[in-house]
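Below: the structure, in structure tokens.
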Number of protein chains: 2
Amino acid sequence: MPRAAKHQRGAKLRSAAFSRIRSDHQSELAEDYVELIADLIDERGEARGTDVAMRLGVANATVVKTLKRLQDAGLVTQEPYRAIFLTGEGWKMAEDGRRKHRIVEGFLLALGVSEETARIDSEGIEHHVSEETLRAMARFLARNGR
Amino acid sequence: MPRAAKHQRGAKLRSAAFSRIRSDHQSELAEDYVELIADLIDERGEARGTDVAMRLGVANATVVKTLKRLQDAGLVTQEPYRAIFLTGEGWKMAEDGRRKHRIVEGFLLALGVSEETARIDSEGIEHHVSEETLRAMARFLARNGR
DNA sequence: CAATAGATTTAGCCAATGCTAAACTTTCTG
DNA sequence: CAGAAAGTTTAGCATTGGCTAAATCTATTG
Ligand SMILES: [Mn+2]
Ligand SMILES: [Mn+2]
Ligand SMILES: [Mn+2]
Ligand SMILES: [Mn+2]
């Protein structure tokens, strides 16, 4: 039996976690964009590309390019030099992002970390928690949250 | 006062979380590679590119290219057609990754999620937890762990 | 010890996500 | 309402991290 085949089976199982990470990373940016656009619309009535760029801390040109992809993906609509709107699917993704974000951030606070850490860490963690873990966090939160 | 300047200050603060994510993502792949290489060396005496590729679930050629970057970054050493070695810095990063991974995975288990979910979710979460959150998880683990 | 099977690297492609500088459009103002 | 200021997009570049197919090296074995 060839050397490389020897451990193929065990490896196949283990690689599932890394596949998940790669897939999470693909949706991650889209989720943060739509959630941020939803926040801007709610807070200020409209979302401009510049505001998105400022809140994300990236260049304007980067946002323009990313929004084009999100438009192709059916998440946002926009016309040149105008504000950005979310499609139905975009709002759905934004709401789901907010839900996860709220649970993760509240959970971290209930666990005893500072507000700033909860805010920062939850921005990354939210994209890598399964529904099962979210349920466990919500359960903990119901018992120990404020 | 120009429109875009109006909210610049608030945005600056908020963008810190997204900067952290972008920086986390840059180190993420390197961390998983060195941790995996360390595991292979410990389990099997040596780490071959092929084994790394199989465990990650990516093509061989991808691993070759990434290892070149890790070599430039001073994390691994290798010669063509030979096994991969970690530098001192590589081992340090691997050990630190293992430490975080252990805490996060143990924590998820203590929180009540299944072994498979803990294994999969921790692979992504480990890269986005601050030291403060790790301490909080370790504290919880000390009280509620198995 | 030569042929071949297996392992590894190279070459060349692609998409995503970042940047700066230049061009263009919109908005404000005298 | 013309010119300037502000806002936005385009153009062009770089890096990362994927892939497949072809080339090359190593190891086995008859
Ligand atoms: Mn979010
Ligand atoms: Mn986020
Ligand atoms: Mn790890
Ligand atoms: Mn990982």
Side-chain angles (χ1 to χ4, degrees), chain A residues 1-8 11 15 18-33 36-37 40 44 46-73 75-76 78-84 124 127, chain B residues 1-8 11 15 18-34 36-37 40 44 46-73 75-76 78-85 124 127:
Chain A
M1 190 180 193
R3 213 191 56 75
K6 233 186 305 181
H7 290 262
Q8 234 157 348
S15 69
F18 295 108
S19 298
R20 242 281 303 277
I21 290 202
R22 286 192 296 274
S23 123
D24 285 347
H25 281 165
Q26 286 209 297
S27 30
E28 187 159 349
L29 196 75
E31 283 170 27
D32 283 340
Y33 264 74
L36 179 45
I37 290 165
L40 285 168
R44 317 180 41 186
E46 64 168 21
R48 316 283 310 195
T50 307
D51 302 325
V52 174
M54 276 195 319
R55 289 240 187 140
L56 290 178
V58 300
N60 239 286
T62 300
V63 169
V64 171
K65 203 182 285 191
T66 303
L67 285 176
K68 240 164 232 149
R69 286 203 308 277
L70 297 187
Q71 191 168 33
D72 290 348
L75 295 169
V76 311
Q78 50 168 357
E79 279 162 285
Y81 299 99
R82 290 286 143 67
I84 306 151
H127 309 282
Chain B
M1 192 179 190
R3 213 191 57 76
K6 235 187 308 184
H7 290 263
Q8 234 158 354
S15 70
F18 296 108
S19 298
R20 240 284 299 279
I21 289 199
R22 286 193 296 273
S23 125
D24 285 348
H25 282 165
Q26 287 212 299
S27 30
E28 186 159 348
L29 196 76
E31 283 169 26
D32 283 340
Y33 264 74
V34 296
L36 179 46
I37 291 164
L40 286 167
R44 319 179 40 186
E46 65 170 18
R48 317 285 307 197
T50 308
D51 302 324
V52 174
M54 275 193 320
R55 289 240 187 142
L56 290 179
V58 299
N60 240 286
T62 300
V63 169
V64 171
K65 203 184 284 192
T66 302
L67 284 176
K68 241 163 230 151
R69 287 203 308 278
L70 297 187
Q71 191 168 33
D72 290 348
L75 294 169
V76 311
Q78 50 169 356
E79 278 162 288
Y81 301 97
R82 290 286 143 67
I84 306 152
F85 297 93
H127 308 282

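Note that the structure is a prediction, hence the values are computed from the model and not measured. Every chain is numbered from 1, with letters handed out A, B, ... down the list of sequences.
With rounding to whole Å, A:Phe18 atom CZ is found 16 Å from D:dG18 atom C1'. Atom C1' of nucleotide D:dA14 and atom CG of B:Asp72 are separated by 16 Å, given to the nearest angstrom. Here D:dT9 presents its C1' atom at 13 Å from CD of A:Gln71, a figure rounded to the nearest Å. For B:Glu46 and C:dA7, the CD to P distance is 13 Å, given to the nearest whole Å. Between the CG atom of B:Asn60 and the P atom of D:dA21 there is a distance of 15 Å, rounded to whole Å. Following rounding to the nearest Å, B:Arg82 (CZ) and D:dA27 (C1') show an atom-to-atom distance of 12 Å. Computed from coordinates, the A:Leu67 CG to C:dG18 C1' distance equals 14 Å when rounded to whole Å. The distance from atom CG of B:Leu70 to atom P of D:dT15 is 16 Å, rounded to the nearest whole Å.
A:Thr62 comes within contact range of at least one nucleobase, with a heavy-atom separation under 4.0 Å.
Taken to the nearest 0.5 Å, the NE2 atom of A:His127 stands 9.0 Å off from the NE2 atom of A:His25. How far CZ of A:Phe18 is from CG of B:Leu36: 5.5 Å, rounded to the nearest 0.5 Å. The CD1 atom of B:Ile37 sits 5.5 Å away from the CG atom of B:Leu67 when rounded to the nearest 0.5 Å. To the nearest 0.5 Å, the span separating CD on A:Glu46 from CZ on A:Arg82 amounts to 10.5 Å.
Contact between the side-chain N/O atoms of A:Lys68 and the OP1/OP2 oxygens of D:dT10 is found at a separation under 4.0 Å.
Residue whose closest nucleotide on DNA chain C sits further toward the 5' end, between B:Lys65 and A:Leu29: B:Lys65. Residue-to-nucleotide proximity on DNA chain D shows that, of A:Glu79 and B:His25, the 5′-proximal contact is made by A:Glu79. Mapped onto DNA chain C by nearest heavy atom, A:Tyr81 and B:Arg22 fall at different nucleotides, with B:Arg22 at the one closer to the 5' end.
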